[in-house]
S.K.: 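Dropping the structure in here first, questions after.
Numbers restart at 1 for each chain; the letters A, B, ... are given by sequence-line order, proteins then strands.
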2 protein chains.
Amino acid sequence: MTRPTEALRPPTMADVAREAGVSHQTVSRVLSGHPNVRTTTRDQVTAAIERLGYRRNSAARALVTRRSRTIGVIAVDPTLYGPASTLAGLQEAARDEGYLVSTVTLRTGGGHALEDALDHLAAWGVEGAVAITPQRSSVQALARLTPPFPVVTVEGSHGLDIPGVSLDQELGARLVTEHLLATGHETVWHVAGPEDWLESAARTEGWRAVLEEHGIRPPRVLRGDWSPLSGYHAGQELAGLALAGRGAAPVTAAFVANDQMALGVLRALREAGIRTPRQVAVAGFDDIPEAGFFPPPLTTVRQDFTAIGRRSIQLLLEHIEGTAAGVEHIVVEPQLIVRASTRSQDGA
Amino acid sequence: MTRPTEALRPPTMADVAREAGVSHQTVSRVLSGHPNVRTTTRDQVTAAIERLGYRRNSAARALVTRRSRTIGVIAVDPTLYGPASTLAGLQEAARDEGYLVSTVTLRTGGGHALEDALDHLAAWGVEGAVAITPQRSSVQALARLTPPFPVVTVEGSHGLDIPGVSLDQELGARLVTEHLLATGHETVWHVAGPEDWLESAARTEGWRAVLEEHGIRPPRVLRGDWSPLSGYHAGQELAGLALAGRGAAPVTAAFVANDQMALGVLRALREAGIRTPRQVAVAGFDDIPEAGFFPPPLTTVRQDFTAIGRRSIQLLLEHIEGTAAGVEHIVVEPQLIVRASTRSQDGA
DNA sequence: CACTGGATTGTTAGCGCTCACACATGTCGG
DNA sequence: CCGACATGTGTGAGCGCTAACAATCCAGTG
């Protein structure tokens with residue numbers, strides 16, 4: 001009477017029930033921690049589970065409970081330090097809550113990529129999703145779409161009707177700019193990130209606001225694409241301006257929108273024979289692990305990516321459970337890290 | 001006769017069948033692209049699907065087909081450039097194959113972390129997993145465990161009975177070391193990564209082998225933990241040795257096991273007043289985006305992380321489909337990138 | 001001693017889908 | 001004109017689980 005396929009199939013709840021001499025429902029009760037099960041019965045079931053190496057079938061559970069216990073994450077370019085760190089924070093938080101995290105990465109934020117990603121997640125029945133899509137276009141796409149599950153954003157919900165978590169980018173930029181002005185600089189130049197990125201815009205905004213509050217007319221904004229190379233090009237331009245020494249806005253300090261570009265700027269300045277920070281002070285944003293070892297060590301703004309990841313999972317779960325109170329925007333505070341790149345070595 | 005819950009429940013295959021005036025089985029056939037369906041019928045069904053906004057329920061499918069179309073990935077510290085890039089490559093390849101990727105990240109590779117991660121994935125019924133666990137201990141743990149699904153490793157299956165994909169780390173180290181010797185250096189010092197990491201061991205091995213082939217007795221190995229700080233400490237030690245100028249092994253060239261540590265080394269050398277590459281040439285490994293902008297731009301070994309990710313998904317799918325021919329180890333070739341940090345500026 | 005009610009267990013009916021089959025048609029050669 | 005064969009389509013069962021209900025046991029009670 002032995003069925004030949006027996007060995008191939010993992011044990012089911014019915015198998016455990018038979019082994020323990022109870023009904024499958026009792027097994028289910030034990031597994032879900034139902035209180036009204038006699039201790040002796042519970043032990044028998046537990047032993048049978050152990051003996052058979054039984055595991056609950058998640059597909060069957062998901063089918064009947066209509067809950068997949070899976071969360072989707074959509075990330076643009078998770079190769080960058082920021083998104084990668086956020087992702088790690090998300091994973092950990094979700095796992096603690098008993099969720100599995102499924103990630104879809106986007107090369108670009110444009111076009112139908114986001115829609116396709118949401119579709120892909122929907123097809124697998126995720127209960128909700130976190131979108132790490134810091135580009136304006138992606139967020140707008142997100143606002144247009146109506147996926148069949150709640151979505152929260154990371155660094156992307158500014159002014160939109162989507163719940164989200166973000167670092168106070170503007171405050172970070174303010175801290176840097178104030179710091180540079182306090183160090184005695186007449187004005188602060190700015191190398192911004194790509195125009196399409198919200199983070200980029202917020203940092204530029206913070207910088208501009210501080211200058212204006214001090215009655216300083218903001219100099220022309222230089223622009224890069226987050227890459228070291230683009231920073232290098234911007235640095236060459238700054239070097240040219242510094243050496244030309246044009247009147248209105250002397251180049252003695254620059255706030256670069258991320259650390260990678262700052263590295264490029266530093267290199268360009270050095271190649272032009274300009275010393276940092278003596279002649280031009282430079283500050284970045286992100287505090288990547290390398291920042292403390294740049295030539296010179298870089299003043300920057302630290303983001304607590306782990307906290308951002310954790311808070312966004314919290315927020316998403318609230319929306320999944322339906323306990324969320326409206327459309328909330330959680331803001332995480334940045335921290336200024338002062339290093340040699342903005343410290344006048346001769347004690348100015 | 002309207003059921004009040006109707007609106008809450010997403011449409012099922014039966015709903016579509018009713019709408020299209022066919023049986024649920026015909027809907028299923030249309031969805032799975034079965035050839036024997038009349039074109040007119042197919043169109044009716046497609047239209048009904050469209051009208052109702054129907055999506056197949058993945059849980060129900062997984063239950064009956066015993067296939068979840070989900071792949072698990074276990075990654076240690078996905079904040080590092082290498083793992084993050086590999087992850088991105090994996091994601092993309094898996095998605096192209098119609099799989100969802102669920103990621104579990106480990107803070108440490110030690111203890112039961114790996115087992116827990118596999119458990120977590122098993123509980124969700126993944127069909128297979130890729131382990132990016134480059135530590136010796138994790139790989140050994142992996143070899144001990146017998147998860148209920150195939151597992152392939154990235155950078156971790158050396159000498160073990162587990163299929164995997166890895167870069168030829170040893171070849172990379174050989175290329176660097178040969179390059180440095182060819183530039184005229186009498187010997188090459190080495191700053192290694194953590195002892196527990198297989199990649200670290202392989203790079204050290206390649207370096208040692210080349211020196212021995214040239215009849216050079218390898219100098220003492222300095223050791224870091226991949227971080228810029230640890231590289232900085234190693235660099236200080238190197239600087240001390242260089243300035244002391246002890247007989248047997250002059251410090252004129254160093255092969256550092258990754259780019260981040262190389263940054264630390266460069267900084268320490270500069271602080272000690274040692275010029276790179278004139279007095280000491282430095283080379284790294286990984287080719288992180290910043291490497292080309294280090295002071296000076298870093299000679300390093302480029303890894304094609306995207307290819308590694310892609311190949312490992314291929315390999316895993318072969319094992320899932322059962323078409324795999326034994327335990328295969330795929331090796332990807334590295335590429336030497338020569339930059340200023342090893343070029344004698346005065347044309348030596 | 002039947003009667004109530006809580007604790008404990010079993011029974012039944014699906015969840016939404018795919019598979020194996022049965023049942024229609026239509027087409028063709030003998 | 002009938003069977004053999006292909007092409008379409010429908011029917012029933014069942015994947016492994018949970019939720020609702022039903023059934024049992026066993027005190028304590030009047």
S.K.: Arg18(B) has an atom CZ; how far is it from atom P of dG10(D), in whole Å?
M.R.: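 It is 14 Å, rounded to the nearest whole Å.
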S.K.: Among the candidates dT18(D), dG16(D), dG16(C), find the nucleotide nearest to the side-chain atoms of Arg56(A).
M.R.: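 Selected nucleotide: dT18(D).
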S.K.: Does one side chain, of Ser102(A) or Thr70(A), offer a donor that lies under 3.5 Å from an acceptor on the other?
M.R.: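 No.
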S.K.: Give the rounded distance in Å between these two atoms: CD of Gln44(A) and C1' of dT8(C).
M.R.: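 For the pair Gln44(A) CD and dT8(C) C1', the rounded distance is 13 Å.
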S.K.: Five pairs per end, C1' atoms only: what is the angle between the end axes of the helix from dC1(C)-dG30(D) to dG30(C)-dC1(D), to 10 degrees?
M.R.: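 Here the local axes at opposite ends form an angle of 60°.
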S.K.: Atom CG of Asn57(A) and atom P of dG14(D): how far apart are they, to the nearest Å?
M.R.: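 The answer, rounded to whole Å, is 18 Å.
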S.K.: Please check this pair: side chain of Ser68(B) against backbone of Gly125(B), looking for a donor-acceptor N/O pair closer than 3.5 Å.
M.R.: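 Side chain of Ser68(B) to backbone of Gly125(B), a donor-acceptor pair under 3.5 Å: yes, one is there.
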S.K.: Check this one for me: any side-chain N or O of Arg55(B) less than 4.0 Å away from OP1 or OP2 of dG16(C)?
M.R.: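 So the side-chain polar atoms of Arg55(B) never come under 4.0 Å of the phosphate oxygens OP1 or OP2 of dG16(C).
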S.K.: When the aromatic ring centroids of Tyr81(A) and Tyr81(B) are compared, is their separation below 6.0 Å?
M.R.: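 Distance test on ring centres: not under 6.0 Å, no.
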S.K.: Could you tell me whether the phosphate oxygens of dG16(D), OP1 or OP2, come under 4.0 Å of any side-chain nitrogen or oxygen in Arg66(B)?
M.R.: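 It does, given that an N or O in the side chain of Arg66(B) lies less than 4.0 Å from OP1 or OP2 of dG16(D).
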S.K.: Can any side-chain N or O of Thr26(A) pair as donor or acceptor with the backbone N or O of Val22(A) at less than 3.5 Å?
M.R.: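 No; judged by distance alone, with no hydrogens or angles, the pair does not exist.
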S.K.: Return the residues of residues 20-43 of chain A meeting this criterion: a heavy atom under 4.0 Å from some atom of DNA chain D. Order them by number, or give none.
M.R.: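 Output list: His24(A), Gln25(A), Ser28(A).
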S.K.: Once you round it to whole Å, what is the distance between C1' of dG16(C) and CH2 of Trp124(A)?
M.R.: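 Rounding to the nearest Å, CH2 of Trp124(A) and C1' of dG16(C) are 17 Å apart.
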S.K.: dT18(D), OP1 or OP2 - any side-chain N/O from Arg61(A) closer than 4.0 Å?
M.R.: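 Indeed, a polar side-chain atom of Arg61(A) lies that close.
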S.K.: Using only atom types and a distance under 3.5 Å, with no angle test, would you say the side chain of Asp15(B) pairs donor to acceptor with the backbone of Thr12(B)?
M.R.: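 Looks like yes, one N/O pair under 3.5 Å.
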S.K.: Less than 4.0 angstrom between a side-chain N/O of Arg9(B) and OP1 or OP2 of dC15(C), yes or no?
M.R.: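 No.
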S.K.: For Arg69(A), is there any backbone N or O sitting under 3.5 Å from a side-chain donor or acceptor partner on Glu127(A)?
M.R.: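 Checking the backbone N and O of Arg69(A) against the side chain of Glu127(A), a donor-acceptor pair under 3.5 Å is found.
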S.K.: What is the distance, to the nearest angstrom, from the CG atom on Leu63(B) to the P atom on dA13(D)?
M.R.: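 Computing the Leu63(B):CG to dA13(D):P distance gives 18 Å.
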S.K.: Under 3.5 Å, is there a donor-acceptor pair between the side chain of Trp124(A) and the main chain of Asp119(A)?
M.R.: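 Not confirmed, Trp124(A) side chain does not pair with Asp119(A) backbone.
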S.K.: Are the side chain of Thr41(A) and the backbone of Val37(A) linked by a donor-acceptor contact shorter than 3.5 Å?
M.R.: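 It does not hold such a pair.
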S.K.: Return yes if some donor-acceptor pair links the side-chain N/O of Glu155(B) with the main-chain N/O of Leu167(B) below 3.5 Å, else return no.
M.R.: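 Flag set: sc Glu155(B) to bb Leu167(B) pair under 3.5 Å.
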S.K.: How close or far is atom P of dG16(D) from atom CE of Met13(A), stated in whole angstroms?
M.R.: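 Computing the Met13(A):CE to dG16(D):P distance gives 12 Å.
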